[in-house]
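This report refers to the structure that appears directly beneath it.
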Amino acid sequence: MLITRLASLTLAGAIALSPLTAVAQDGEAAIEAREGAMNVLGLSLGTIGGMAKGEVEYDAEAATAAAENLAAIASLNLGPLFPEGTSSDDMEDSRALPAVWAEWDEFQSQWDDLGAAADGLVDVAADGQEGLGAALGPIGQACGSCHRQFRQSN
Amino acid sequence: MKKLLLAVLLIALIVVAGGLWLTRTKPLAPEATASLDGDAEAGALIFAAGGCASCHGTEGGSEEDRLILAGGHAIDSDFGTFYTPNISPSEAGIGGWSLEEFADAMVRGVSPEGQHYYPAFPYVAYSRMELQDVADLWAYMQTLPESDTASRPHDLPFPFNVRRGLGLWKLRYMPDGWVMTGEDIPERGRYLVEAVAHCGECHTSRDELGGLITVDWLGGAPNPSGEGSIPNITPGALDWSAEDIAYYLESGFTPDFDTAGGSMVDVIHGTSQLPAKDREAIADYVKAVPAVE
């Protein structure tokens, strides 16, 4: 009797807590997803940057593929990747400053800048090694400027 | 009794006079700048390397805003809050100054009114600058837009609000040469890092009086803005190649294509405008300094 009551109490407690748990898990999932998106940006930039620096031999097909992946990531909708409650103040493994949500329009506009810069890279990726460096400039600026405002320093 | 009183007065007078003498300002001799003729085009590169807009430019992000040097940025410190002044070529800024007065500010930390500046303005580094570069910078700054914004006074408690005391600080901390003097130290890189770009101001830790601890040169420091820390960029911690460092200063990308954050974004905005050989010179210098572990 006692055991059943205890068990049902525990169950009730678990049900009561579960929405909270679900939110926390969603938050983790969003953080992992956006970090994954950033990793794809990094991977793509690594390919093109290596060619721009002359460390890797230029390959039009590989450069185009990387540039298109970069542009695809830059066209993702930010909302699902940055749900409320996932700032660096809310979660230990988040580096997204609360400013992301406080200045959402600015955040979105910086992301749009990256999109425009990425499209510029797609346009020249197949045209030879010479143009890559110049096309990377605006991308570096977009990344840096957004990180400056919205990412927690190390 | 009268004799004793006289003696005490005399000693007090000597102490006061000695104090005033020790804390006096030391402007340049007028002839130091008299024959200099600034080149605005060359000055634009000094402006970029020095990152003047990082602290004095108008916040807002656009290229035009950056060049309106209205100041007003707050710099928090252990001594109080400093506000960067208007240094645009207007009456509210430094429009009424002469080159001689500008050079005194830059390399001696002395205002046209004959007062000491606080070393939040990095004249400790600029004291190593060539006066021709100061003249070029001055010429360039005349071409920038005017701003009428009044400079905001610093917010400092006693005793730090007594500028005269900075005379003693300067006796202790104003350098009389380079930090790195070894034969293997590349000169151009040293000039850019130790003087114009004043990298050590953030990348080197400070003692309790705010002086740089030069034995730990570029060995990293707490972030003055509070969060995180400014990294150690000596070979003791930074394992990037010289090419990696130069590319970072050009593009903002780290070797694994992460990017700079924080104030370093502004620094790179400036270094990306420099000739490639200057970025390489900075990289060579950073590779040559002793490792801080």
Side-chain angles (χ1 to χ4, degrees), chain A residues 35 37-56 66-67 69-70 73 87-89 94-100 103 105-107 109-110 113-114 117-118 121 132-154, chain B residues 48 51 53-54 57 59-63 65-66 73 202-203 220-233 237-238 240-274 276 279-280 283:
Chain A
E35 286 179 356
M38 294 297 144
N39 289 341
V40 178
L41 293 180
L43 180 72
S44 314
L45 286 167
T47 303
I48 293 168
M51 292 180 193
K53 284 199 268 183
E55 290 169 0
V56 182
N69 274 0
L70 202 137
I73 292 292
S87 79
S88 54
D89 282 1
S94 170
R95 287 177 70 194
L97 293 172
V100 164
E103 297 159 46
D105 289 349
E106 171 65 15
F107 183 56
S109 130
Q110 301 245 12
D113 288 348
L114 176 66
L121 181 63
L132 294 180
L136 280 174
I139 294 180
Q141 277 179 22
C143 297
S145 146
C146 192
H147 286 160
R148 181 192 199 294
Q149 264 181 287
F150 297 112
R151 183 176 69 169
Q152 192 173 44
S153 295
N154 282 326
Chain B
S54 304
E59 285 171 295
S62 80
E63 205 51 38
D65 287 344
R66 288 179 58 85
H73 298 237
C202 285
H203 283 283
N223 189 343
S225 73
E227 293 220 343
S229 58
I230 310 283
N232 178 345
I233 54 170
L238 188 70
W240 302 358
S241 68
E243 291 74 24
D244 287 339
I245 296 169
Y247 187 67
Y248 175 73
L249 295 172
E250 177 187 353
S251 68
F253 288 124
T254 66
D256 54 0
F257 285 88
D258 192 355
T259 68
S263 320
M264 197 61 198
V265 174
D266 289 331
V267 174
I268 287 167
H269 189 279
T271 54
S272 69
Q273 299 169 43
L274 298 180
R279 286 189 293 269
E280 289 158 14

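So you know, we letter chains A, B, ... as the sequences are listed, proteins then strands, and number each from 1. These numbers come from the heavy atoms of this one structure, side chains and all, not from hydrogens, waters or symmetry mates.
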Heavy atoms only: give me the nearest B:Phe253-A:Leu45 pair and the separation to one decimal. CE2-CD1, 3.7 Å
How close do B:Thr259 and A:Cys143 get, counting heavy atoms only, and between which atoms? CG2-CB, 3.2 Å
If I measure from the heavy atoms of chain B, does A:Ile48 come under 4.5 Å with its side chain, its backbone, both, or neither? neither
What part of A:Ile139 gets within 4.5 angstrom of chain B, counting heavy atoms only: side chain, backbone, both, or neither? both
Kindly indicate whether the side chain of A:His147, heavy atoms from C-beta on, has any atom under 4.5 Å from the side chain of B:Asp258. yes
Going from OG on B:Ser251 to CD on A:Gln141, what distance comes out if it is rounded to the nearest 0.5 angstrom? 10.5 Å
Separation between CG of A:Leu70 and CZ of B:Phe257, rounded to the nearest 0.5 Å: 11.0 Å
Relative to chain A, which of B:Thr254, B:Asp266, B:Asn223 shows the most heavy atom pairs under 4.5 Å? B:Asp266
Can you tell which of B:Pro255, B:Gly262, B:Ala260 has the highest number of heavy-atom pairs within less than 4.5 Å of chain A? B:Gly262
